[in-house]
Each structure stands twice: as structure tokens, then as C-alpha cells.
Amino acid sequence: MTTFVGRRRELAEVKRLLSVSRIVTLTGPGGVGKSRLALRVAAELRRAYPDGVWLAELAELDNPKLLAQTLVAALGITARSVERPGEVLVEHLAGKRTLVILDNCEHLLQECGLLARTLLREVPELHILATSLQPLGIFSEQTYVVPTLSLPCDGAPHGTQSAMSDAVRLFTERAEAVLPGFAVTDRNREIVERICRRLDGLPLAIELAVVRLRALSVEQLLDRLDDRFRLLSMESRAVASRHQTLRALIDWSYALCTEKERLLWARVSVFTGSLDLEAAEEVCAGDGIGRGEIVQLVIGLVEKSVLAREEGPGGVRFRLLETIRRYGRERLADSGEKSTVERRYRDYYRRVARESKARLFGPAQVETLNRLRVEYPNLRSALEYCYAERAGLCIDMASNLLYHWVTSYHLGEGRDWLEQGLADPGIHVEIRSRALASCGWLAIMQGDPASATRMLAESRALAEQNGLEHILGYVASYSGTVAMHQGDSEAAVGFYTEAVTRHRAVQDPLGEVLALTRLALAYSSLDESERAVAAAEKAMAICDVHGERWQRAYAMTALGIQTWRQGDPRRAASLERESLRFNRLLGDTLGMGLNIEALAWIAAGEGDHERAGRLLGILGNLWEGIGARMPGYAYLAIHHEECVARTRQGLGEEAFRAAVERGTRLSEEEALDYALSERRPPPPAPSAPAVGDRWTPLTKRETEIARLVARGMSNKEIAASLVIAQRTAEGHVEHILAKLGFTSRTQIAAWVSEQTPP
């Protein structure tokens with residue numbers, strides 16, 4: 001990744017274009033810095049787009065059909081409805097002033113143009129900033145050709161700031177990282193400037209060349225650049241000269257690798273997105289590369305800037321720059337082993353999906369689901385390879401990824417893969433039956449019970465005819481949820497009871513817990529309290545035996561709802577908060593929504609209408625993001641409506657709207673902190689509370705932070721003490737100042753002192 005150097009003139013021009021046009025496309029050769037310029041522009045214009053600036057990275061998207069779905073995911077829209085992704089985008093963006101960056105559109109030019117035109121027509125306040133090798137070609141599009149970095153001006157006095165061009169600045173900065181102590185001096189200045197000119201000021205070309213200073217002097221580097229460029233033989237009017245230069249540089253970089261490094265470079269190009277060391281060993285070893293050699297070869301490619309090293313929650317991963325990846329794929333095709341490597345890649349990710357399914361019930365589930373999210377681009381590509389060879393391979397893998405589709409909210413994509421594969425009548429009966437059940441569940445989550453009923457009926461028939469007991473349990477469980485949606489709780493109890501029996505018979509604890517949790521809710525709706533509690537507690541006990549926390553959180557949600565219905569709001573709230581803590585850790589939006597729903601119902605029932613109103617405001621944001629209220633649990637909506645009615649009556653219309661608005665304005669982290677607070681909110685704050693009042697307008701977290709401020713701690717120190725982001729700490733302090741009507745931290749400290757009893 002290149003460093004952003006200079007570009008003041010470019011920044012100003014792109015910002016000007018965005019002020020006069022709703023779509024601006026940055027064009028130019030690969031490696032010129034289009035993406036980095038777009039991100040810098042977005043950062044500087046963030047305040048101009050109050051509803052958000054969003055980045056959709058398209059370089060890893062090979063299937064044009066998934067463009068809209070990819071943009072849905074990039075905007076954080078966790079849509080669960082059956083609407084087309086394009087319609088979801090229009091509905092989500094309607095009425096909002098938003099900037100969307102479409103990065104690397106060149107391989108999806110027509111599709112990006114069509115989608116951009118539709119969105120701009122339907123959403124008047126939307127602005128789009130695209131990057132591409134060529135314009136999208138739509139009406140009203142403004143294009144800006146991103147220039148290469150500025151080159152040294154002949155005749156400028158050496159050593160002056162004006163003489164230090166952007167290209168030389170980048171060269172110097174990167175050279176200092178490669179060779180600590182490197183500096184441009186009177187002795188090497190002319191050579192450095194000549195190198196930058198030979199590289200046409202392309203940031204990526206400079207990055208790749210400077211790495212060679214580990215072994216070469218600047219004089220040797222210049223000599224070899226000259227030699228390499230003379231070998232350039234590609235001549236095409238359709239290809240820009242800068243592309244030819246970049247191609248030559250990558251050719252040269254390739255030539256400097258060892259034979260085995262070149263071989264690994266070609267093989268890792270099969271990955272979409274990033275990869276870890278294990279994946280490289282599984283997919284790239286063999287036929288000339290020993291498994292034990294992979295580590296050293298990876299290190300070599302990192303040192304040569306072919307592979308970029310990244311660190312994340314799951315550990316170290318590696319990524320190819322897109323231009324380098326495409327170059328590697330050409331080499332892979334030339335090698336004659338393309339189909340072999342693609343088959344290894346496909347089979348590896350089929351195994352990842354299969355093993356992840358087996359690890360979802362137990363202590364490894366958070367790690368497993370997070371890994372699937374990181375591997376999402378590779379999983380998608382592997383599904384493409386599976387589908388190209390045999391539909392059965394595709395839907396078997398897609399079925400194993402059921403909970404990935406659910407937790408990552410790619411419901412539509414998961415269902416598409418399954419339905420495409422199910423169109424093939426030659427699918428093995430077991431794979432078909434399981435895929436129908438999985439697709440039926442996704443349809444339920446999307447609010448499409450009619451399709452779910454049809455698919456579950458076919459799955460049941462196939463499973464019964466072929467003795468597939470392990471599938472029949474899930475079919476029964478999913479059918480119970482359909483019955484709950486249809487208002488037939490008694491039928492649902494029958495289905496869930498059948499599911500529990502079948503799962504128990506085949507020793508499937510995950511299926512048994514799922515069925516027991518749903519059974520608890522069905523019994524609760526029939527006012528069969530003892531059975532509801534027994535089912536939920538049994539589910540939690542099974543989870544405890546297996547070290548399972550995710551499904552336990554859902555069972556706890558069900559138990560909390562029943563406990564509330566029994567008249568024990570204190571214990572019910574405690575159960576929901578404990579469940580919410582884990583769902584927050586996992587990032588399960590649906591689970592968190594159910595917890596906050598229950599907490600709102602509890603608050604309204606206790607007459608704590610201010611808190612209930614704020615929680616309803618929080619839920620408004622949450623369910624809007626998902627695209628549906630309580631997907632898969634819509635039959636609980638009656639409690640939501642009762643909560644709204646009770647809260648509105650308790651507060652009055654004006655105060656109700658104000659309370660909801662206060663909840664709506666909270667950030668996600670603030671909202672979750674508020675929901676987890678056991679303390680009731682204080683009465684509305686006066687405009688300027690008198691010093692010495694024992695009453696406080698602050699939330700529990702704000703009170704805690706106010707005390708830390710009074711101890712003289714900085715925002716950074718507060719963040720470290722409470723294990724929160726510094727930005728979050730700053731936001732809390734701002735809220736405290738606003739609520740108390742103060743302008744300084746000293747006033748907060750004095751106020752805390754007055755509040756503390758003698």
C-alpha cells in the first residue's frame with residue numbers, strides 16, 4: 001500500500017468536482033493512487049455527509065451478479081427481507097446525504113454504471129466517488145484523471161522544499177524504512193530523481209523499486225531499471241504507456257524472485273482477498289514446493305513486497321496487491337497447473353466450511369465465525385469453483401455455511417447459492433434434502449414463510465424416504481417456527497417436540513438446543529410456564545456440558561422472556577443483560593435486538609417509561625439496519641406493540657417522541673452500554689443543574705467517567721482504564737459537558753466534588 005504524499009492540488013480539484021456533480025470517477029493507470037486519493041477526499045469531506053461515508057471495495061468481486069449484494073454489505077445494511085439488493089439499497093439510502101466510494105470498478109464497468117445510474121436517479125442526496133481504469137460512461141459523470149506523483153523540476157535549486165517533488169518524497173520515505181538513515185544528498189540526488197522519472201512517478205512502481213535497495217545501491221538500481229525497460233516489447237495503442245511501465249516493473253520484480261518464489265507467487269494468486277500461512281501450506285505445497293518450504297518462501301515474497309503482511313484479530317495474514325495478483329494469475333495459467341491449484345483451493349475451503357460447521361457448537365464458536373467472516377472472499381470464490389464443476393459440491397458447501405450466512409447477514413447470497421444448485425435435478429438425495437432445509441431456514445429469516453413451507457415439505461419427504469434422521473430433526477424445528485409465524489403455537493409445540501426427540505436420538509446437541517429454545521418460546525405463548533422454563537433450562541444445561549455460549553445466550557433470552565411473563569422483572573432483566581453481553585461479543589445483531597426488546601418490555605412493565613422509550617429508539621436503529629423487526633421471531637412483535645402503547649401512554653406523545661429520539665441519537669456502543677445498565681435513568685435534566693444537588697442527570701457510565709475526569713485523568717487514560725476506544729471516551733466527556741451545561745473539565749471535577757456526600 002502506497003503512502004499518501006502531497007496531492008493538495010488533486011484533493012482540491014476532486015472536492016470541487018464533487019460540489020458540482022453527484023458522481024465523480026477517478027481514472028488513471030494501475031498503481032497511480034486512485035484509491036488512496038478517494039479515501040483522502042472522503043476523510044476531508046466526512047462532515048459534509050452527515051449520514052455517512054461508505055467504502056465498497058470491488059477488486060475482490062469477480063461475479064457481477066453480486067455487485068448490489070456487495071454494496072449492501074459494505075453499507076452495513078443487514079437486510080433480511082426478500083427484496084432485491086438494489087431495492088434494499090434505494091430504501092436504505094432514501095432521504096440520506098451519503099457518499100459512497102466504489103473502488104476498482106474496471107472489471108465491472110457496465111454493472112457499476114447501471115447500478116450507479118439507478119441509485120443516483122432514485123436517491124437525490126446520494127453522491128458517488130468511483131475509481132476505475134476508465135469512466136463508467138453514465139450521464140452527468142465527471143471524470144478526473146489522477147496524475148502520477150509530481151517529478152523534480154529541472155533548474156530548481158537543490159535542497160529547497162520546492163525542489164523536493166512528491167515522487168522524490170515518496171522514494172525518500174520508503175527508502176528510510178528499508179535502509180534506516182537513508183537520505184537524499186547532493187551526491188545521490190540526481191540519480192534518485194532519474195529513477196523517479198524512469199518510473200513515471202507511479203507510486204506502486206516506486207514502492208516496488210525502493211525495496212531493491214536492500215541489495216542494490218541507487219546507482220545499481222538505476223542501471224537495472226534501464227536494462228529492464230529496454231526489454232519491454234509490448235506495444236499497443238489500447239494500453240497506456242504507464243501500464244506498460246508498470247508491467248515491465250512487475251516483470252522485473254518477478255525475475256528477481258527465485259524459481260520457487262515465482263511458483264508460490266503464481267499459486268497464491270488463486271486466493272481472493274487475503275490468506276494465512278495454513279492456507280498457503282494446504283493449497284500451494286506439492287509439485288516442486290515442500291510443505292516445510294512455504295514459510296521461508298512467504299517471508300521471501302514479503303521482503304520483495306509481493307505479499308503484504310497484515311495483522312488482525314485472527315492473527316497474521318497476507319495479501320497480494322490486485323495488480324500483482326492478476327499478474328500471478330497469468331503466470332499460473334501459463335504454468336499449466338491452473339486447474340490443479342484451483343481444485344486444491346476449492347477443496348481446502350470446502351474443508352474449512354465443513355470443519356467450521358462442526359466447531360460451531362462449543363467454545364471455539366467466536367473464533368470460528370470470525371474466521372469465516374475474514375475468509376468470506378475466498379469462500380465465495382470456492383463456491384464459484386464448486387458450482388462450475390458440480391452443483392452438488394456447491395450446495396453441500398453452502399449448507400455447511402448456513403450460520404455464516406445468518407450471522408454475517410448475507411442471507412440473500414446464501415439462499416441464491418442454494419437455489420441455483422437445487423435447480424440441478426441430479427443432486428444426491430442427502431445433499432438435496434439438507435440444502436432444502438437450509439434454504440428453508442434462510443427463507444424464514446427473510447420473512448418468506450410460503451417458500452420455506454414448500455422447501456421444508458420437500459426436504460421432509462426426501463429425508464423420510466431415505467431414513468435421513470439427522471435432517472428430519474432440523475426440518476421439524478424449522479417447521480415449528482413457520483407454525484409460530486402462522487399463529488399456531490400448539491402445532492409448533494408438536495414440531496419442536498418431534499425435533500428434540502429426533503436430535504436426541506442421533507446425538508446432535510446443537511439441534512436439540514435449537515429446538516428446546518424455540519419450544520420454550522412456544523410454551524410461553526401458550527402460558528405453560530413450567531414447561532417453558534424447563535425447556536429453556538434444559539437447553540442451557542446442554543450448552544454448559546459442551547462449553548457452548550452462543551446458543552446458551554438464546555436459551556437465556558427465552559428464559560428471560562418467560563421469567564418476565566411470570567412476574568419477576570428483576571431476574572428477567574438480569575438474564576437478558578447476561579445474554580446481551582455475549583451477543584455483543586459475537587456481534588450478533590439479531591441476538592442483541594431480542595435482548596434489548598425484552599429489556600424494553602420489562603422497563604415499560606415496571607413503569608420506567610423514559611428507559612423504555614430510549615430502548616425503543618435504540619431498537620429503531622437496529623431493526624432498520626437489519627431490514628425487518630425480529631426476523632425469525634416476528635411472532636413476538638405483539639410484546640413490542642404493547643410496549644410502545646404503554647410507553648406512549650405513560651409519557652404522553654411529546655415526551656414519548658423525545659425519549660425515542662434520545663435513544664436514536666446514541667452510537668452503537670453507547671446504546672449497548674445503556675441497555676446493559678442496571679440503573680434506571682434519572683428524570684429529565686434541567687438546563688443547568690445547581691451545584692450541590694444530589695440528583696444527577698448522568699448515566700451510570702457517564703457518572704463513572706465524570707469521577708475519572710475529577711481525578712485528573714485524560715481521555716486517553718480514561719479509555720485505557722475502562723477498556724474503551726479513546727474516541728468513545730471523548731464522546732462521553734462531551735455528553736457530560738452538554739448535560740451539565742459546563743464548558744471545562746474543571747467544572748466537572750467541581751460538580752463531582754459537590755455530589756459526593758461528606
Side-chain angles (χ1 to χ4, degrees), residues 59-66 107 259-295 297-298 301 306-307 317-320 322 324-358 371-372 374-401 404 413-414 416-418 420-424 426-428 430-432 434-435:
E60 298 171 1
L61 179 64
D62 293 324
N63 186 345
K65 295 179 181 178
L66 297 176
H107 60 303
E259 285 297 323
K260 289 188 176 181
E261 286 174 342
R262 295 176 193 172
L263 190 55
L264 182 61
W265 180 347
R267 290 178 182 178
V268 296
S269 70
V270 75
F271 289 87
T272 304
S274 62
L275 68 149
D276 59 17
L277 189 59
E278 176 193 332
E281 290 171 339
E282 291 292 328
V283 175
C284 302
D287 300 325
I289 299 180
R291 186 183 180 95
E293 296 178 285
I294 293 291
V295 174
L297 293 175
V298 166
L301 291 180
V306 175
L307 282 174
R317 296 182 68 82
F318 306 95
R319 183 184 298 273
L320 286 170
E322 181 59 22
I324 294 176
R325 180 172 73 95
R326 291 184 179 276
Y327 179 92
R329 287 195 173 184
E330 291 181 14
R331 293 292 184 170
L332 183 62
D334 293 342
S335 72
E337 61 176 23
K338 181 173 180 285
S339 60
T340 300
V341 176
E342 287 178 347
R343 185 169 58 253
R344 289 179 191 163
Y345 174 83
R346 177 204 69 194
D347 291 344
Y348 173 70
Y349 281 103
R350 285 182 62 207
R351 186 164 68 252
V352 167
R354 184 171 59 251
E355 292 174 352
S356 296
K357 177 178 179 293
R371 184 190 179 188
L372 291 178
V374 171
E375 295 284 13
Y376 177 50
N378 286 312
L379 294 169
R380 176 186 274 172
S381 294
L383 283 164
E384 297 261 12
Y385 289 133
C386 287
Y387 186 73
E389 180 169 336
R390 195 165 69 248
L393 294 178
C394 175
I395 63 174
D396 182 52
M397 181 176 173
S399 295
N400 286 331
L401 292 171
H404 165 68
E413 182 177 344
D416 285 345
W417 283 117
L418 291 165
Q420 287 179 49
L422 287 167
D424 184 343
I427 302 296
H428 185 277
E430 181 176 0
I431 293 175
R432 183 176 187 83
R434 188 162 70 99

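- Summarising the geometry of A285 relative to G290, their closest heavy-atom pair is CB-C, 4.4 Å, with the distance given to 0.1 Å.
- A search for salt bridge (charged side-chain N to carboxylate O under 4.0 Å, His left out) contacts involving R317 returns D276, E375, not counting sequence neighbours.
- Taking both residues in full, the closest heavy atoms of I431 and G392 are given as CG2-O, 3.9 Å, listed atom of the first, atom of the second, then distance.
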Q: Please step through side chain to side chain contact (heavy atoms under 4.5 Å, CB included) for the pair V268 and C284, ending with a clear verdict.
A: CA-CA 7 Å; V268 296; C284 302; 3.7 Å; yes

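- L418 and A398 make their closest contact through CD2-CB, 3.7 Å (heavy atoms, listed as atom of the first residue, atom of the second, distance).
- Closest heavy-atom contact between L264 and L297: CD2-CB, 3.5 Å.
- Checked by atom type, the side-chain pair R434/N400 shows a donor-acceptor distance below 3.5 Å.
- Under a 3.5 Å cut-off, the side chain of R329 and the backbone N or O of A266 do not form any donor-acceptor pair.
- Using a distance-only test at 3.5 Å, with no hydrogens or angles considered, a donor-acceptor pair links the side chain of W265 to the main chain of I324.
- Summarising the geometry of S399 relative to A435, their closest heavy-atom pair is OG-CA, 3.4 Å, with the distance given to 0.1 Å.
- Distance check, rounded to the nearest 0.5 Å: SG of C386 to CD1 of I395 gives 11.0 Å.
- A salt bridge links D347 with R350: the closest approach of a Lys/Arg side-chain nitrogen to an acidic carboxylate oxygen falls below 4.0 angstrom.
- Rounding to the nearest 0.5 angstrom, the gap separating the OH atom in Y345 from the NZ atom in K338 is 12.0 Å.
- For E389 and R343, the salt-bridge test fails: no basic side-chain N is under 4.0 Å from an acidic carboxylate O.
- In this structure the side chain of I427 never reaches within 4.5 angstrom of the side chain of D396, judged on heavy atoms.
- Atoms OG and CG, on S356 and L379 in that order, are 7.5 Å from each other to the nearest 0.5 Å.
- In summary, the side chains of R380 and Y376 do present a donor paired with an acceptor at a separation below 3.5 Å, with no hydrogens or angles considered.
- Between E384 and R346 there is no salt bridge, since no side-chain nitrogen of the basic residue lies less than 4.0 Å from a carboxylate oxygen of the acidic one.
- Taken from CD1 in I289 to CD in E259, the straight-line distance is 10.5 Å, to the nearest 0.5 Å.
- The closest side-chain heavy-atom distance from R371 to V352 is below 4.5 Å.
- There is a side-chain donor-acceptor pair under 3.5 Å between W417 and E413.
- H107 places a side-chain N or O within 3.5 Å of a backbone atom of L61 that can act as its donor or acceptor partner.
- Closest of all the heavy-atom pairs between G421 and A391 is O-CB, 3.8 Å.
- Residues Y349 and L383 fail the side-chain proximity criterion, which asks for heavy atoms closer than 4.5 Å.
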Q: Dump the intermediate steps for side chain to side chain contact (heavy atoms under 4.5 Å, CB included) on R325 and T272, then the final yes or no.
A: CA-CA 9 Å; R325 180 172 73 95; T272 304; 4.3 Å; yes

Q) What's the verdict on side chain to side chain contact (heavy atoms under 4.5 Å, CB included) for Y385 and L393, showing C-alpha distance, side-chain angles and the deciding distance? A) CA-CA 9 Å; Y385 289 133; L393 294 178; over 6 Å; no

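- Rounding to the nearest 0.5 Å gives a distance of 7.5 Å between OG of S335 and CZ of R267.
- Between R319 and E60 a salt bridge is recorded (basic side-chain N to carboxylate O distance below 4.0 Å).
- Using a 4.5 Å heavy-atom threshold, the side chains of V270 and R344 count as separate.
- With hydrogens and angles disregarded, no donor-acceptor distance shorter than 3.5 Å links the side chain of R354 to the backbone of M397.
- The NZ atom of K260 sits 13.5 Å away from atom CG of L301, with the distance rounded to the nearest 0.5 Å.
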Q. Given Y327 and V306, is the side chain to side chain contact (heavy atoms under 4.5 Å, CB included) satisfied, shown in steps?
A. CA-CA 11 Å; Y327 179 92; V306 175; over 6 Å; no

